[in-house]
Number of protein chains: 2
Amino acid sequence: MEQVIIKQDKKTLILNTTLRLLSKNGFHGTPISMIAENASIGAGTIYRYFKNKEELINELFIEIKKRIINAMYEGYDETADYETRFRVLWVNMINYYNDNPTEFVFIEQHRYAPYVSTLTRAESNRILSPVLLFFLEGKKNKYIKHLPLYTIIGLIYGPIITMVKLHLDHNKNLTSIQINKAAEACWDAVKCNNK
Amino acid sequence: MEQVIIKQDKKTLILNTTLRLLSKNGFHGTPISMIAENASIGAGTIYRYFKNKEELINELFIEIKKRIINAMYEGYDETADYETRFRVLWVNMINYYNDNPTEFVFIEQHRYAPYVSTLTRAESNRILSPVLLFFLEGKKNKYIKHLPLYTIIGLIYGPIITMVKLHLDHNKNLTSIQINKAAEACWDAVKCNNK
DNA sequence: AATAAAGGAATGAATGTTCATTCCGTCTGC
DNA sequence: GCAGACGGAATGAACATTCATTCCTTTATT
């Protein structure tokens, strides 16, 4: 039993170290040896926990996707009206990215990377599905405009990505005032006018 | 004189081949040897035109940024009203990405890549500056909401990126109806209501 | 005009480096 | 004292880059 716990700890250590280094240096800028050194373990040890480098990344990818979705639903009240729920989700997500830049950079860097497997991408979509359902609900009930799903995602998710990227790149932090104003503008983009 | 022309042609050949391969395989998936083979030239030849692989990428990056900005201003009428000009720019840009997926993928893949130098990024900002001025003009004259510049860019540029990515990833093409509706929604996000 | 010499361009095999991964000797907890 | 965990040197593949050589175009010479 204790072994399992120790194992878990070491695995987590590897994952955390990998996340930190990958976000800074990218996939090919972080050799296994570097991960090992930074985690103060032997290079070979990593292969006790992960079949190879790709699998390590893929596992990390799924792990972080889960954390993001979790964070999004913090304080989410199913019974609230649509716009309120929208804003909770939107603000939670941008806050999470803003507060966890390593995870943001990692997810963005690897979303379309060739070594993120089809399997991982499928799993990642599965994790995302409650959010998609939320959009479909809004369309059906005419809370939001009648637009193709991808357009809606683009209008809502696109600004989050770009805003966080810009601020990261310029070493600035998003303030909650900025975030709330942006959430409002985003809502203006998708809200249904003829309701 | 003829030498110069031949030189240019070969350089262009290398750049085009590199773009095609990089978009498909990414930086580390396309060895110099592969570029050489696909361009039907010797590997060493590439080093006659570019100091090293990084410089090749950097030059390509700037070249493509220029093409994009050029495409944006196609049919742009300086005397038209603000919303009209906004829509021309927006639609031109998303159309360009939609029609030139290799260039889109390349730019997106490399925007934050570590081997894209600070210099390249500065140059790329310089190329972008007319667009920034356009936003400032809109803010000053209250055509668009009073929001921080990065928020505005996020609201306008973010959806373009995300929409194109989604459609590319699912092998679909954006229709002009979709594009125009999205442009409208985007305008709803940033337009000033109390004017 | 024909031929030769020069010089730049192109080549791709050779080199040296950088990794991912493996392997085996050592250590640890029971 | 042994079974599994660990470390890190060893291995070999992949790659960027170099450079001695060849090829081709231009220029000079007769």
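Throughout, protein chains are lettered first and strands after them, A, B, ... in sequence-line order, and every chain is numbered starting at 1. Predicted model only: the values in this text are computed from it and were never measured.
Counting to the nearest Å, the C1' atom of dG8(D) and the CD1 atom of Ile35(A) are 16 Å from each other. If you measure from atom CD1 of Ile14(A) to atom P of dC6(D), you get 8 Å, rounded to the nearest angstrom. When the P atom of dT18(D) is taken as reference, atom CD1 of Ile46(B) falls 13 Å away, rounded to whole Å. For Glu37(B) and dA10(C), the CD to C1' distance is 17 Å, given to the nearest whole Å. dA3(D) atom P lies 15 Å from atom CZ of Arg48(A), rounded to whole Å. Atom-to-atom, CD1 of Ile41(A) to C1' of dT21(C) comes out at 15 Å; the value is rounded to the nearest Å. Following rounding to the nearest Å, Lys51(A) (NZ) and dT22(C) (P) show an atom-to-atom distance of 10 Å. Protein atom CG of Asp9(A) is 15 Å distant from nucleotide atom C1' of dA5(D), rounded to whole Å.
Taking only side-chain nitrogens and oxygens, Lys10(B) comes nearer than 4.0 Å to OP1 or OP2 of dA10(C). Put simply, Tyr49(B) has a side-chain N or O that comes within less than 4.0 Å of OP1 or OP2 on dA10(C).
Lys145(A) and Asp188(B) are joined by a salt bridge, as a carboxylate oxygen and a charged side-chain nitrogen come within less than 4.0 angstrom of each other. The pair Lys140(A)-Glu137(A) does not count as a salt bridge, with every side-chain nitrogen at least 4.0 angstrom from each carboxylate oxygen. Salt-bridge formation is detected for the pair Lys11(A)/Glu59(A): a Lys NZ or Arg NE/NH1/NH2 atom is positioned less than 4.0 Å from an Asp or Glu carboxylate oxygen.
Listed in residue order, the members of residues 26-33 of chain B having a heavy atom less than 4.0 Å from DNA chain C come to none.
Ring pair Phe27(A)/His28(B): centre-to-centre distance not below 6.0 Å.
With dA9(C), dT21(C), dC6(D) as the choices, the nucleotide that has an atom nearest any side-chain atom of Asn52(A) turns out to be dT21(C). If you check dA20(C), dG8(D), dA5(D) against the side chain of Tyr47(A), the one that comes closest is dA20(C). For Lys53(A), counting side-chain heavy atoms from C-beta on, the closest listed nucleotide (dA10(C), dT17(D), dT21(C)) is dT21(C).
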Find every protein N or O atom lying less than 3.5 Å from an N or O atom of nucleotides 11-13 of chain D, and list the pairs.
none

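Looking at Lys139(A), its side chain does come within 3.5 Å of a backbone N or O of Leu147(A) through a donor-acceptor pair.
The shortest side-chain heavy-atom distance between Leu56(A) and Tyr49(A) does not fall under the 4.5 Å cut-off. Contact of the Thr18(A) side chain with the Thr30(A) side chain is not registered, since no non-hydrogen atoms from C-beta on lie closer than 4.5 Å. The side-chain heavy atoms of Ile161(B) and Tyr157(A), taken from C-beta on, include no pair separated by under 4.5 Å.
By the 6.0 Å contact criterion, NZ on Lys181(A) is open, its count of non-hydrogen atoms from other residues, nucleotides or ligands being 12 or less.
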